[in-house]
S.K.: 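Right, I'll just put the structure down here and ask away after.
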Amino acid sequence: MWSCPCCLRFKFSPEELEQRYKSQEIDKMIEKDKQALKRQVKLLLLGAGESGKSTFLKQMRIIHGPKFEYELVKEYQQDIYQNIVRGMRVLVDARDKLDIPWEDYSNSEIGKRLLECENPTVLDAILFANYSPLVAKLWKDSGIKRAFDRRREFQLSDSVEYFFNNLDRISRYDFIPTNQDILHCRKATKGITEFVIPINKVPFLFVDVGGQRSQRQKWFQCFDSVTSILFLVSSSEFDQVLLEDRKTNRLEESKDIFDTIINHRVFKNVSIILFLNKYDLLLKKVANPETDIRWYFPQFSGNSHSIQDVQKFILAMFTGVKRDPKKALYHHYTTAVDTENIKVVFNSVKDTILTRNLEILMLQ
Ligand SMILES: Nc1nc2c(ncn2[C@@H]2O[C@H](COP(=O)(O)OP(=O)(O)OP(=O)(O)O)[C@@H](O)[C@H]2O)c(=O)[nH]1
Ligand SMILES: [Mg+2]
């Protein structure tokens with residue numbers, strides 16, 4: 001209630017007046033926060049491990065700001081060095097286990113050295129200089145390339161090829177990661193990361209979670225007041241198994257998670273947007289005569305080397321689990337490492353989300 005300041009002066013001591021003034025200011029701030037919270041759009045990024053959730057969030061920063069801070073870029077730089085060394089170790093080990101001969105036998109010594117040296121916890125430009133010539137030499141060996149071609153049989157991050165192909169630039173002492181390098185950098189998310197980005201003067205709160213099995217029990221902590229769920233699927237993973245148990249098909253796992261989310265009663269009024277991600281990798285896989293989606297999904301009845309047929313099949317797999325026929329489900333084919341693609345896709349997604357948010361506000 002508003003009170004006339006002149007009357008208040010006779011009723012209260014200066015201390016009491018000050019106290020009153022402070023509490024009125026606090027009330028105003030709380031009210032302002034409440035209004036801002038009401039206007040805020042909360043977007044949950046969900047999906048299995050490696051589906052591209054954190055990459056999508058990086059794109060939001062690249063497109064809408066704020067820029068990556070210097071310290072963060074330095075962290076990415078170290079992670080990129082780690083991605084490269086770990087990636088080559090995995091390939092050397094796989095070549096051995098798959099019994100693929102070296103093209104140049106002298107590389108076996110280099111491979112052994114790489115496997116035997118202790119895994120450094122922090123790699124900087126100076127330390128990385130010890131590794132980069134070894135990695136460059138091994139990447140040229142057809143034995144390693146053949147192991148790489150059989151990568152679906154073991155666990156290798158999708159970005160290592162990009163980094164190996166950019167090794168000369170990355171090995172320079174003055175290397176500073178570009179946005180493209182940052183987008184390819186792989187670090188599994190542990191826990192929950194929240195990031196607010198003002199878009200069209202509306203605060204968008206992005207919530208990024210870890211998608212691996214051990215991380216999923218934390219998801220329910222962020223199920224409150226969600227405006228929309230952006231569910232990411234790595235569509236190129238139809239022939240791969242999970243890192244967590246090395247036997248479950250990755251696409252099947254992703255579909256099961258989607259089933260739980262889309263049919264969850266907490267999300268009855270939440271719009272769900274499905275991103276069939278890693279379109280670039282899917283395109284390459286479908287064109288490859290050495291693989292066939294039918295080997296993993298015998299129910300596939302189209303042309304297994306037609307990208308449209310494969311996309312249609314994967315989409316139907318996901319839309320098919322939705323139990324409520326009235327529930328809206330939007331979908332997009334995305335390449336999360338491609339800024340132009342995400343710019344276009346997010347523009348249309350944003351309009352859907354804002355309209356939906358307005359409807360919710362009007363109902364309140
Ligand atoms: N080529 C390609 N790579 C992608 C795409 N989307 C993501 N990646 C890469 O895939 C890897 C995994 O992406 P992340 O964004 O870390 O996946 P995530 O869903 O956050 O994974 P978790 O944190 O483990 O749940 C990274 O190395 C990305 O650069 C894509 O559309 N195309
Ligand atoms: Mg992540």
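Atoms within a ligand are numbered from 1 in the order they appear, just like the ligands themselves.
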S.K.: In the protein, which heavy atom is nearest to atom 31 (O) of ligand 1, and how far is it?
M.R.: Ala336 N, 2.8 Å
S.K.: For the atom pair CZ (Phe223) and NZ (Lys42), what is the distance rounded to the nearest 0.5 Å?
M.R.: 9.5 Å
S.K.: With the threshold set at 4.0 Å, does a side-chain nitrogen-carboxylate oxygen contact exist between Arg113 and Glu116?
M.R.: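 No.
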S.K.: Determine, for Asp239 against Lys285, whether the closest basic-nitrogen to carboxylate-oxygen distance falls under 4.0 angstrom.
M.R.: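 Between Lys285 and Asp239 there is a salt bridge, with a charged N closer than 4.0 Å to a carboxylate O.
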S.K.: Does the pair Arg61/Glu69 count as a salt bridge with the N-to-O cut at 4.0 Å?
M.R.: yes
S.K.: Tell me the protein heavy atom at minimum distance from atom 7 (C) of ligand 1, and give that distance in Å.
M.R.: Thr55 OG1, 3.6 Å
S.K.: Between the candidates Arg186, Lys53, Glu161, which shows the shortest non-hydrogen contact distance to atom 24 (O) of ligand 1?
M.R.: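 Residue with the shortest heavy-atom distance to the ligand atom: Arg186.
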S.K.: Given Gln180, Lys278, Lys284, identify the one with the heavy atom nearest to atom 10 (O) of ligand 1.
M.R.: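 Result: the heavy atom closest to atom 10 (O) of ligand 1 is in Lys278.
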S.K.: Below 4.0 angstrom from a heavy atom of Gly210, which ligand 1 atoms are there? Numbered from 1 as shown, please.
M.R.: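 The atoms of ligand 1 under 4.0 Å from a heavy atom of Gly210 are 25 (O).
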S.K.: Just to confirm my numbers, could you give the angle made at the Mg ion (ligand 2) by OG1 of Thr189 and OG of Ser54, rounded to 10°?
M.R.: 90°
S.K.: Counting both backbone and side chain atoms, is some N or O of Tyr279 under 3.5 Å from an N or O of ligand 1?
M.R.: no
S.K.: Below a 4.0 angstrom heavy-atom separation, can you tell me which part of Leu281, side chain or backbone, both or neither, approaches ligand 1?
M.R.: side chain
S.K.: Any idea which atoms of ligand 1 are less than 4.0 Å away from a heavy-atom of Ser54?
M.R.: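 Going through ligand 1 atom by atom, the ones under 4.0 Å from Ser54 are 15 (O), 20 (O).
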S.K.: Is any side-chain N of the basic residue among Arg250 and Glu253 closer than 4.0 Å to the acidic one's carboxylate O?
M.R.: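 Judged by the 4.0 Å cut-off on N to carboxylate O distance, Arg250 and Glu253 do not form a salt bridge.
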S.K.: Between Asp93 and Lys97, does any side-chain N to carboxylate O distance fall below 4.0 Å?
M.R.: yes
S.K.: Examine Glu50 against ligand 1 and note whether any of their N/O atoms are separated by less than 3.5 Å.
M.R.: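 Looking only at distances, the answer is yes, because the N/O contact criterion of under 3.5 Å is met.
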S.K.: With heavy atoms of Thr335 as the reference, note each atom of ligand 1 found under 4.0 Å away.
M.R.: 31 (O)
S.K.: Classify the angle between the aromatic ring planes of Phe313 and Phe300 as parallel (below 30°), tilted (30 to 60°) or perpendicular (above 60°).
M.R.: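 Phe313 vs Phe300 ring planes: perpendicular.
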S.K.: Below 3.5 angstrom, do we get any N/O pair linking Lys187 and ligand 1?
M.R.: no
S.K.: Any salt bridge between Asp259 and Arg323, counting N to O under 4.0 Å?
M.R.: yes
S.K.: Name the closest protein heavy atom to atom 3 (N) of ligand 1, giving the residue it belongs to and the distance to 0.1 Å.
M.R.: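 For atom 3 (N) of ligand 1, the nearest protein heavy atom is Val337 CG1, 3.9 Å.
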S.K.: Under 4.0 Å from ligand 1, counting heavy atoms only, is it the side chain of Asp280, its backbone, both or neither?
M.R.: side chain
S.K.: Do Trp219 and Val233 land in one hydrophobic cluster if side-chain heavy atoms of ILVMFWY residues count as linked below 4.5 Å?
M.R.: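 They do share one cluster, since a chain of ILVMFWY contacts under 4.5 Å joins Trp219 to Val233.
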S.K.: Linking I/L/V/M/F/W/Y whenever any side-chain heavy atoms sit under 4.5 Å apart, do Ile353 and Leu329 land together?
M.R.: no
S.K.: According to a hydrophobic-cluster definition based on side-chain heavy atoms being under 4.5 Å apart (Ile, Leu, Val, Met, Phe, Trp, Tyr only), do Val209 and Phe56 belong together?
M.R.: no
S.K.: State the atoms of ligand 1, each with its element, that fall below the 4.0 Å cut-off from a heavy-atom position in His184.
M.R.: 27 (O), 29 (O)
S.K.: For ligand 1, is there an atom lying under 4.0 Å from some heavy atom of Gly47?
M.R.: no
S.K.: When you compare the side chain of His184 with that of Gln180, does any pair of heavy atoms fall below 4.5 Å?
M.R.: yes
S.K.: Using distance alone, determine whether Gln212 and ligand 1 share an N or O pair under 3.5 Å.
M.R.: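 Between Gln212 and ligand 1, no N or O pair is found under 3.5 Å apart.
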S.K.: Within the structure, does Gly49 bring an N/O atom to less than 3.5 angstrom of an N/O atom in ligand 1?
M.R.: no
S.K.: What residue and heavy atom of the protein are closest to atom 6 (N) of ligand 1, and at what distance?
M.R.: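 Result: Asn277 ND2, 3.1 Å.
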S.K.: Would you check whether Gly52 has a nitrogen or oxygen atom less than 3.5 angstrom from a nitrogen or oxygen atom of ligand 1?
M.R.: yes
S.K.: What protein heavy atom sits nearest atom 9 (C) of ligand 1, and how far away is it?
M.R.: Ser159 OG, 4.0 Å
S.K.: Answer yes or no: is there an ion pair linking Lys343 with Glu340, defined by an N-O contact shorter than 4.0 Å?
M.R.: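 So Lys343 pairs with Glu340 through a salt bridge.
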S.K.: Starting from atom 29 (O) of ligand 1, what is the nearest protein heavy atom, named by residue and atom, and what distance separates them?
M.R.: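 It is Leu183 O, 2.7 Å.
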S.K.: Please could you name the atoms of ligand 1 that Gly211 approaches to less than 4.0 Å, counting only its heavy atoms?
M.R.: 22 (P), 25 (O)
S.K.: Does atom NZ of Lys190 have more than 12 heavy-atom neighbours, drawn from other residues, nucleotides or ligands, at distances under 6.0 Å?
M.R.: yes
